[in-house]
Enquirer: 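One structure, pasted below without further comment.
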2 protein chains.
Amino acid sequence: MYTETEENYLKAIYKIAQKQGESSINTKSIAEEMGTSAASVTDMIKRLSEKSLLQYEKYYGVSLTKEGQKIAVHLLRKHRLWEVFLHDKLNFTWVEVHEVAEQLEHVKSDLLIEKLDAFLGHPKFDPHGDPIPNSNGSFTFRNQIPLSNIREKNIRIHVLAVKQHDSSFLKHLDDLKIKPGEVFEIIQFTDYDKSMKLLTKNGDQIVITHKVADAILVRPQ
Amino acid sequence: MYTETEENYLKAIYKIAQKQGESSINTKSIAEEMGTSAASVTDMIKRLSEKSLLQYEKYYGVSLTKEGQKIAVHLLRKHRLWEVFLHDKLNFTWVEVHEVAEQLEHVKSDLLIEKLDAFLGHPKFDPHGDPIPNSNGSFTFRNQIPLSNIREKNIRIHVLAVKQHDSSFLKHLDDLKIKPGEVFEIIQFTDYDKSMKLLTKNGDQIVITHKVADAILVRPQ
DNA sequence: AATTTATTTTAGATTTGTCTAAAATTTATA
DNA sequence: TATAAATTTTAGACAAATCTAAAATAAATT
Ligand SMILES: [Mn+2]
Ligand SMILES: [Mn+2]
Ligand SMILES: [Mn+2]
Ligand SMILES: [Mn+2]
């Protein structure tokens with residue numbers, strides 16, 4: 001088995017690869033994601049390369065191997081299932097779940113995670129709307145676009161997910177009473193600052209900036 | 001906060017102290033409990049002593065301070081609550097729970113453990129019948145004696161707990177269909193080998209040896 | 001009381017994961 | 001294309017947790 005630190009590096013590299021879309025990940029971005037020094041990253045990269053979890057070309061960055069990806073995705077699965085547990089069963093808020101899931105994801109027991117999955121009713125998405133890979137590592141695909149992309153008024157908009165997970169953003173959404181599962185419609189676009197006014201299910205009107213609308217993923221219809 | 005290893009040492013020392021009833025714990029017994037060398041124990045003892053988690057007199061063993069005990073008891077609380085979760089909610093057997101709880105007990109979040117406790121309905125005992133300390137560290141006391149101590153026939157005997165937790169013993173009890181919560185009566189004592197014959201609730205007759213009867217804790221009546 | 005045996009500690013080494021500072025290499029800029 | 005800037009690697013050090021082997025001390029035995 002791999003150490004908690006090794007797992008965290010693999011997860012960090014996977015995340016960066018997802019974000020940038022490219023396969024080659026440089027040392028500095030890993031150092032930033034991990035909150036550590038470039039020198040430490042180089043050390044760890046060598047070890048993970050030894051173990052065939054990533055491919056490493058000196059001075060030109062790394063990319064995960066199939067095995068490295070598999071471990072990263074399995075970690076995501078565990079992380080997100082624990083988030084669902086904390087949110088749905090223990091009544092944690094979606095702001096609180098992440099920090100605890102960061103620890104729980106490293107508990108090693110396949111039986112545990114399969115039983116947890118069943119106990120939760122095989123959820124497909126976590127409290128932030130992120131997809132939960134199944135035990136084979138495949139994600140459920142869903143059509144979703146940033147709220148900021150929508151141009152039509154008076155259609156029902158379903159909130160599916162959020163792009164950012166930092167607590168300041170999530171708390172702001174809490175204030176606006178926006179979270180995955182909510183439905184609203186757009187009643188006004190303001191061209192000047194690209195803000196929009198929304199009408200929620202219970203009749204409230206809220207204004208959100210473009211910055212916020214860009215981080216909310218929705219299903220239009 | 002303390003490292004996982006430090007926590008495990010404190011737990012080991014607490015366990016040994018409970019078992020022997022004495023306060024002074026020697027290096028060798030800690031090494032055995034931890035599955036490590038005496039030299040490593042000496043190293044760790046010094047560190048824990050530095051941190052005022054135990055009192056250490058060179059060559060004469062250690063004893064936990066109030067703070068050290070507090071940490072050990074809190075770990076027991078977490079361990080046993082997780083065992084209840086795994087058993088009651090995820091349908092783990094009482095043989096399987098311990099290994100996973102050994103990992104889960106080190107997750108650091110007071111909110112988590114209080115919410116878990118509430119979710120489980122504030123259980124007072126774990127699947128092996130061991131008492132779960134409350135958040136102040138106090139245990140529920142219960143009158144219980146080894147089954148081997150009982151001399152009366154034809155009275156209802158309630159199984160409360162087991163003294164041993166190794167899987168070979170627990171699996172043997174599974175075969176006999178004995179576990180905490182079960183009720184039976186003794187229908188025969190055999191003086192020669194101190195074995196006894198029991199009559200279970202559903203009419204089965206089972207024979208258990210003295211060795212086994214000694215590790216089963218019951219409430220007579 | 002002297003000696004043997006058991007236990008405990010020390011000394012020195014190893015692995016993991018980290019750091020800072022310096023050297024090497026790549027990338028950007030003039 | 002030469003120089004400057006940014007990035008990456010190497011070198012050397014450190015803390016945590018472990019080991020083995022040797023030395024020190026305590027406990028048991030004759
Ligand atoms: Mn998360
Ligand atoms: Mn999430
Ligand atoms: Mn246990
Ligand atoms: Mn138990």
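Since the structure is predicted, the reported quantities are computational estimates derived from the model, not experimental observations. First the proteins, then the strands, lettered A, B, ... as listed; each starts at 1.
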Enquirer: K28(A) side chain: which of dC19(D), dC19(C), dT7(D) is closest?
Expert: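 Closest nucleotide among those given: dT7(D).
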Enquirer: F85(A) ring centre to K89(B) NZ or CZ under 6.0 Å, with the angle to the axis within 45°?
Expert: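 No, K89(B) and F85(A) do not form such a contact.
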Enquirer: Quick check on DNA chain C: between K58(A) and T36(A), whose nearest nucleotide comes earlier from the 5' end?
Expert: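 The 5'-side residue here is T36(A).
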Enquirer: Give one of base, sugar-phosphate or nothing for T5(B), where a contact means two heavy atoms less than 4.0 Å apart.
Expert: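 T5(B): backbone/sugar contact only, no base atoms under 4.0 Å.
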Enquirer: Expressed as a whole number of angstroms, how long is the span from K46(B):NZ to dT18(D):P?
Expert: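 So the two atoms are 15 Å apart, to the nearest Å.
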Enquirer: I want to check one thing: is the phosphate of dT7(C), taken as OP1 and OP2, less than 4.0 Å away from some side-chain N or O of N26(B)?
Expert: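 Checking N26(B) against dT7(C): no side-chain N or O falls below 4.0 Å of OP1 or OP2.
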Enquirer: Checking contacts here: which listed nucleotide (dA11(C), dT9(D), dA27(D)) is nearest the side-chain heavy atoms of Y60(B)?
Expert: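 Shortest atom-to-atom distance from the side chain points to dA27(D).
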Enquirer: Paired with dT30(D) by Watson-Crick or G-U wobble geometry, both distances under 3.5 Å: which nucleotide is it?
Expert: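 With both distances under 3.5 Å, dT30(D) matches dA1(C).
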Enquirer: Side-chain N or O of T42(A) versus OP1/OP2 of dT9(D): is the shortest distance under 4.0 Å?
Expert: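 Answer yes for this pair, as a side-chain N or O of T42(A) is under 4.0 Å from OP1 or OP2.
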Enquirer: Starting from P on dT8(C), measure out to CD1 on I25(B) and report it in whole angstrom.
Expert: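 Roughly 11 Å, once rounded to whole Å.
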Enquirer: Quickly work out the M34(B) CE to dC19(D) C1' distance and round it to whole Å.
Expert: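 Atom-to-atom, M34(B) to dC19(D), this comes out as 15 Å.
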Enquirer: For dT9(D), does either OP1 or OP2 sit under 4.0 Å from a side-chain N or O belonging to T27(A)?
Expert: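 For dT9(D), OP1/OP2 do have a side-chain N/O of T27(A) under 4.0 Å.
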Enquirer: Minimum heavy-atom separation for I25(B) to I13(B), with atom names?
Expert: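 That would be CG1-CG2, 4.0 Å.
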Enquirer: Would you kindly give the CE-to-P distance between M1(B) and dA16(D), to the nearest whole Å?
Expert: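 Going from CE in M1(B) over to P in dA16(D) covers 16 Å.
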Enquirer: Give the rounded distance in Å between these two atoms: CG of N8(B) and C1' of dT18(D).
Expert: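 Checked: the CG to C1' distance equals 14 Å.
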Enquirer: Atom CE of M44(A) and atom P of dT8(D): how far apart are they, to the nearest Å?
Expert: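 So the two atoms are 17 Å apart, to the nearest Å.
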Enquirer: Which distance, rounded to the nearest 0.5 Å, do you find between the CE of M34(A) and the CG of N8(A)?
Expert: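 With rounding to 0.5 Å, CE (M34(A)) is 5.0 Å from CG (N8(A)).
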Enquirer: Is there a side-chain contact between Y9(B) and the phosphate of dT18(D), meaning an N or O under 4.0 Å from OP1 or OP2?
Expert: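 Affirmative; the distance criterion is met.
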Enquirer: Could you tell me whether the side chains of D126(B) and H87(B) share a donor-acceptor contact shorter than 3.5 Å?
Expert: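 Distance-only check fails for D126(B) and H87(B).
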Enquirer: Quick one: I30(A) CD1 to dT9(D) C1', roughly how many Å, whole number?
Expert: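 In whole Å, dT9(D) C1' lies 14 Å from I30(A) CD1.
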Enquirer: Taking 4.0 Å as the cut-off, does a side-chain nitrogen or oxygen of Y56(A) come that near to OP1 or OP2 on dT8(D)?
Expert: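 Answer no for this pair, as no side-chain N or O of Y56(A) is under 4.0 Å from OP1 or OP2.
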Enquirer: If you compare every side-chain N and O of Y59(B) against the phosphate oxygens of dT9(C) (OP1, OP2), does one of them come in below 4.0 Å?
Expert: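 For dT9(C), OP1/OP2 do not have a side-chain N/O of Y59(B) under 4.0 Å.
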Enquirer: Grab the CD1-P distance between I45(B) and dA16(D) for me, whole Å please.
Expert: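 For the pair I45(B) CD1 and dA16(D) P, the rounded distance is 17 Å.
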Enquirer: Looking at E7(B) and K108(B), does any basic side-chain N land under 4.0 Å from a carboxylate oxygen?
Expert: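 Yes, charged N to carboxylate O under 4.0 Å.
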Enquirer: dC19(D) phosphate, OP1 or OP2: any side-chain N/O from S40(B) under 4.0 angstrom?
Expert: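 Yes, such a contact exists.
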